[in-house]
Amino acid sequence: MKTSKLSIRLLWYITPLVILPLLFLGGFTLTNVTNSTQKQADLIMSRFVEQQQQKIFNYIDSFHSTAKLLSNSPVLSDFLANDISANGNYTRKLGALMDVFASYSEAYPDIISINLVSASGKSDAYYSNNLTTAPKSYPFFNRVLQSNLSTQQFMIQKDDGTTSLYFIQRIDSVDYYLKRPQQLGFIVIHIEPSILNSSILEAPYNNTLNLMLTKDGKILFSSDYNMRGQYISEYELNQVHDLADIGMLSTIELSSIDKIERMIFAVQMPGGYYYVSTIPKGVLYQSGKAISLITGLIVIISIITLPILIFIVVRNLLLNPIELLGAASHRVGDGDLSVHLPAHTNDEVGVLFNDFNHMVNQIRHYQQQLEEYKHHLEDKVESRTKALEAMNSQLELAIGQAEQANQLKSRFLANMSHEIRTPLTAIMGFTEQLLHNDKVANDKQHLSTILRNSKHLLELINNILDLSKIEAEKLAVDLSALNVVQLVHDIESIIQPLAQEKQLTLNIDYQLPLPRTIYSDVTRLKQILINIANNAVKFTENGSVSVCVHYLQASQKLEFVIKDTGIGMSEHQIERVFKPFEQADATTTRRFGGTGLGLCISKNLALLLGGDVTLESEVGVGSRFTIRVSCQLSDDQPMLEFLTQESQLIPEKDPLLSFATNNFEANILVAEDNPDNQLLIKLLLQTWGLEPDIASNGAQAVEMALVNDYQLIIMDMQMPVMGGLEATKMLRHAAYDGPIIALTANVMNHDIGTYLEAGCNKALAKPIDKDALENVLVSYLHLEKDNQNKWDSLLKSEKFQQITDNYLANLPTYLEEVKTLKHCNDWEALRSIAHSIKGSSGCFNFDEIYHSAAALEENLKSNNKVPRDELVNKLIAAIEQAISGKVT
């Protein structure tokens, strides 16, 4: 097409009007992008260092708290009592203190050793997880004595470049007459600083160098291991100190490290240490330079392409329509009436096109009237042809429906073949194993598998028979009185374990008022609700499933709404889901299984019960099933009795969840700071035959739980010294696996979620509900009792007796080893074998051997040589007595 003069003039005016603003905007954008990328890099560095600082602060504070908690331990106070040596309880109290030290060491894997040091520097009690002896002195102990601080920490670097962390807690007692604290000693906790090592190795960018410096410039930690133990110059240390004060990213050349210009961010840590993160300036701003280059390239491309695009748009909107209208007018002038300008926008050009088309149509209309009589016969033929085409279309539609029905039948037969053959394969295979193999192990497990697959096969057959009866209109319903609350409770008890297995939330919502009793077929109604609720759980991967119940006064029907947050369905799938032998699609069948009969049967059963089942769903959001059933009222039945209060929504109590029908022997710990609540809970538990131990705060609860064996802990969440949340976390960290029940006045969902996430098994609200407390205690104590019964059964089993006999057969070997080590005075090896004998004898109920070995191990740990020979002889005598009992 020839370029018009108007196009050339338009391009001449557009080009300068676009290029000049783009140049200004591009320069402004390039400047801002450069500045923003540099600020972003600065922000990333500062946030990284602040995060590392906070992480180290938290790590240090946690061990300060641990040292303080350990210093307040009643066992430690008992050990430091003035009359400890006079009454001869030193060994017992030292053993109890070492147990406390060991429990803290197990709870915190970073603890290397715990040392109780007197004010003179002497080690009174020392525990190490690697069995090393107590150090004779600490290089920082003079500074500890000279300081008035009750809590201190020190970082000491070893010759190999590694650094250890020490936490010191001063132990004071109060002179009640002079009101002046008396210094009893210090708790020294030696820590392997894993968090500090990992923090130093983290980096926001490649080539980042992280350092931790002392106040004299020594490198304690470094992401470059070879730099540990080196010193930076005094001038560089002063620069780091100034940067830590202003808290800004700045450029410094650390000549002590290399000659590279680095961007440095520094913060000051407790004890005069500095955390420094550095990165070469070129590396830090490299990404910003790349973004600036890309921005400049985009500006240049925009300057070149934007005028061209504007010209193309204007030409398409204005110049091309004008040329098109001129060409069409020329064709009409030549007698071509088939011209039709394309539809255009509603602007002036579009109106001009419409007027032109209207003019041509009018001319064509008059000519068609002249030709109509000539083509009358052809019109009839054309009409007949269209009728035949319509009939062919209907025939093709019928053929397609027949083919679809055949495909559905084939798909159903294939699906049912798979569903039926799968349990049959398991039934036949395990039955053959039991019939032909007399030495099959786990025959109860095989019979259980056969029974489970038989029930599954029976369910498939029942679904097919139910559908056949429904289609033959021979399925009868048995109307009887049913309790609505009990019905929903039964559904909840079946669906709740399925939801918990998939970590889903099951919500039950009663919308009052509700009828207490309706007249319906309880079996068929349960079948409907369980089928739909089970589907809701099956097709939901995460989120929740809710069941809402309310009464429709106008229609006298009971409505159940089951909603889920599952995969959902499209409109096309909703149309098919209630048809027999169909699921939403083939992918659903392969992924979730099933016959496709459940929803079809449920809908037909609801129709038989005077209601219906409807569905609303959205793909990826979830589904909402509404089940309505008639209350089946008649003249010979009484009026409905309505439930109007939430207290009436409690079903009949299960006797298994009552202390009246159970007898438990359990050690229970109650952590509660309020004396009145302590007395109330204790009276309740005593009424049920339980005698609890009481702890007044979380610190006491942690210590008592680590020393004693409790089957269950009731934990208040708000307590002094240490709250229930912190105590629960510490117990779980220390491997306590018993149930912990939270007591709290904060019953919001996010509060309950916080307690459960911390390790609580259940949360009960204050004021205390006696029935709720009873149900929770009985349910968890049942689990503990079942576990104990399993253990008792194991002890009586033939397999356990065989293992016990094997252990007895090995006792002479242990006896010879003990005698040999005693003769050689190898006390360290004797302590190790005493520990081994203690663990194994306790498992096989040889109590005399267990107590003798435990006493010998404690003696060898404490280095008390006085009763050592006597304890060894007791162990030898206990083993010989067990051997002689076996022989007789």
### Message
H64 vs F167, test: side chain to side chain contact (heavy atoms under 4.5 Å, CB included). Steps then yes/no.
### Response
CA-CA 7 Å; H64 276 311; F167 291 88; 3.6 Å; yes
### Task
I would like to know whether I668 and I713 meet side chain to side chain contact (heavy atoms under 4.5 Å, CB included); could you show each step before the answer?
CA-CA 6 Å; I668 295 179; I713 298 177; over 6 Å; no
### Query
Under the side chain to side chain contact (heavy atoms under 4.5 Å, CB included) criterion, do I681 and L743 qualify, and how do the steps go?
CA-CA 11 Å; I681 298 174; L743 281 180; 3.7 Å; yes
### Query
Can S73 and E703 be said to form a side chain to side chain donor-acceptor pair (under 3.5 Å), step by step?
CA-CA 8 Å; S73 172; E703 186 167 335; 2.8 Å; yes
### Task
Could you walk me through whether K874 and E870 pass the side chain to side chain contact (heavy atoms under 4.5 Å, CB included) test, one step at a time?
CA-CA 6 Å; K874 284 185 179 180; E870 179 182 352; 3.8 Å; yes
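Distance check, rounded to the nearest 0.5 Å: CD1 of I694 to CG of D673 gives 11.5 Å. Here F63 contributes atom CZ and S65 contributes atom OG; the two are 10.5 Å apart, rounded to the nearest 0.5 Å. In this structure, L712 CG and L690 CG are separated by 9.5 Å, a value rounded to the nearest 0.5 Å. The structure places CZ of F79 at 9.5 Å from CE of M98, a figure rounded to the nearest 0.5 Å. Taken to the nearest 0.5 Å, the CG atom of L211 stands 5.0 Å off from the OG atom of S222. Y104 OH to I187 CD1: the interatomic distance, rounded to the nearest 0.5 Å, is 10.0 Å.
Residues F154 and V144 are in side-chain contact: their nearest non-hydrogen atoms beyond the backbone lie under 4.5 Å apart. At a threshold of 4.5 Å between non-hydrogen side-chain atoms, the residues V872 and L830 count as touching. Using a 4.5 Å cut-off on side-chain heavy atoms (C-beta onward), R170 and L184 make no contact. Looking only at side-chain heavy atoms (C-beta outward), L70 and Q169 stay at 4.5 Å or farther from each other. The closest side-chain heavy-atom distance from I114 to H190 is not below 4.5 Å. Residues Y231 and I219 are not in side-chain contact: their nearest non-hydrogen atoms beyond the backbone lie 4.5 Å or more apart. Considering only heavy atoms from C-beta on, I168 stays 4.5 Å or farther from Q153 through its side chain. N129 has its side chain out of reach of I111: every pair of non-hydrogen atoms, C-beta onward, lies at least 4.5 Å apart.
When every heavy atom of Y736 is checked against every heavy atom of Q711, the shortest pair comes out as OH-C, 4.2 Å. The minimum heavy-atom distance between E848 and A878, with the atom names listed, is CG-CB, 3.7 Å. Residues M715 and A671 approach most closely at SD-CB, 3.6 Å, considering heavy atoms. Between V240 and I232 the shortest heavy-atom distance is CG2-CD1, 4.5 Å. When all heavy atoms of L875 and I849 are compared, the pair lying nearest together is CD1-O, 4.0 Å. Contact record, P193 with L165: CD-N, 4.3 Å, taken as the closest heavy-atom pair.
In summary, the side chains of E691 and Q686 do present a donor paired with an acceptor at a separation below 3.5 Å, with no hydrogens or angles considered. Defined by atom type and a distance below 3.5 Å, a donor-acceptor pair is missing between the side-chain atoms of Y108 and D110. Side-chain contact check for Q157 and T162: no donor-acceptor pair (N or O, by modelled atom type) lies under 3.5 Å.
Applying the salt bridge (Lys or Arg N to Asp or Glu O under 4.0 Å) test to every pair with at least one member in residues 823-833, sequence neighbours left out, gives these pairs: E828-R831. For residues 112-123, the pairs satisfying side-chain hydrogen bond (donor to acceptor under 3.5 Å, both in side chains) are N115-S123, N115-Y138, S118-S120, with sequence neighbours left out. Residues in residues 712-726 take part in these side-chain hydrogen bond (donor to acceptor under 3.5 Å, both in side chains) pairs, two or more places apart or across chains: D716-K766.
For F186 and F141, the distance between ring centers is under 6.0 angstrom.
Under a 3.5 Å cut-off, the side chain of T163 and the backbone N or O of L220 do form a donor-acceptor pair. In this structure, the side chain of N697 engages the main chain of A699 through a donor-acceptor pair within 3.5 Å. Put simply, the side chain of Y780 never gets that close to the backbone of G738: no donor and acceptor are under 3.5 Å apart. Between the side chain of S105 and the main chain of A102, no donor-acceptor pair closer than 3.5 Å is present. Between the side chain of N761 and the main chain of I740, a donor-acceptor pair closer than 3.5 Å is present. No donor-acceptor pair under 3.5 Å is formed between the side chain of D78 and the backbone N or O of K93. Although no hydrogens or angles enter the test, the distance criterion places no donor-acceptor pair under 3.5 Å between the side chain of Y755 and the main chain of I741. Between the S147 side chain and the R143 main chain, no donor and acceptor come within less than 3.5 Å of each other.
A search for side-chain hydrogen bond (donor to acceptor under 3.5 Å, both in side chains) contacts involving K822 returns N873, not counting sequence neighbours. The side-chain hydrogen bond (donor to acceptor under 3.5 Å, both in side chains) test applied to S103 returns no partner, not counting sequence neighbours. Residues passing the side-chain hydrogen bond (donor to acceptor under 3.5 Å, both in side chains) test with Q678, sequence neighbours excluded: none.
Looking at E880 and K819, a side-chain N of the basic residue comes within less than 4.0 Å of a carboxylate O on the acidic one, giving a salt bridge.
More than 12 heavy atoms of other residues, nucleotides or ligands sit less than 6.0 Å from atom NZ of K218.
Y126 pairs with exactly one of V188, T133, T132 by the side-chain contact (heavy atoms from CB on, under 4.5 Å) rule, that one being T132.
F140 and Y166 have tilted rings, their planes meeting at an angle from 30° to 60° on a 0 to 90° scale.
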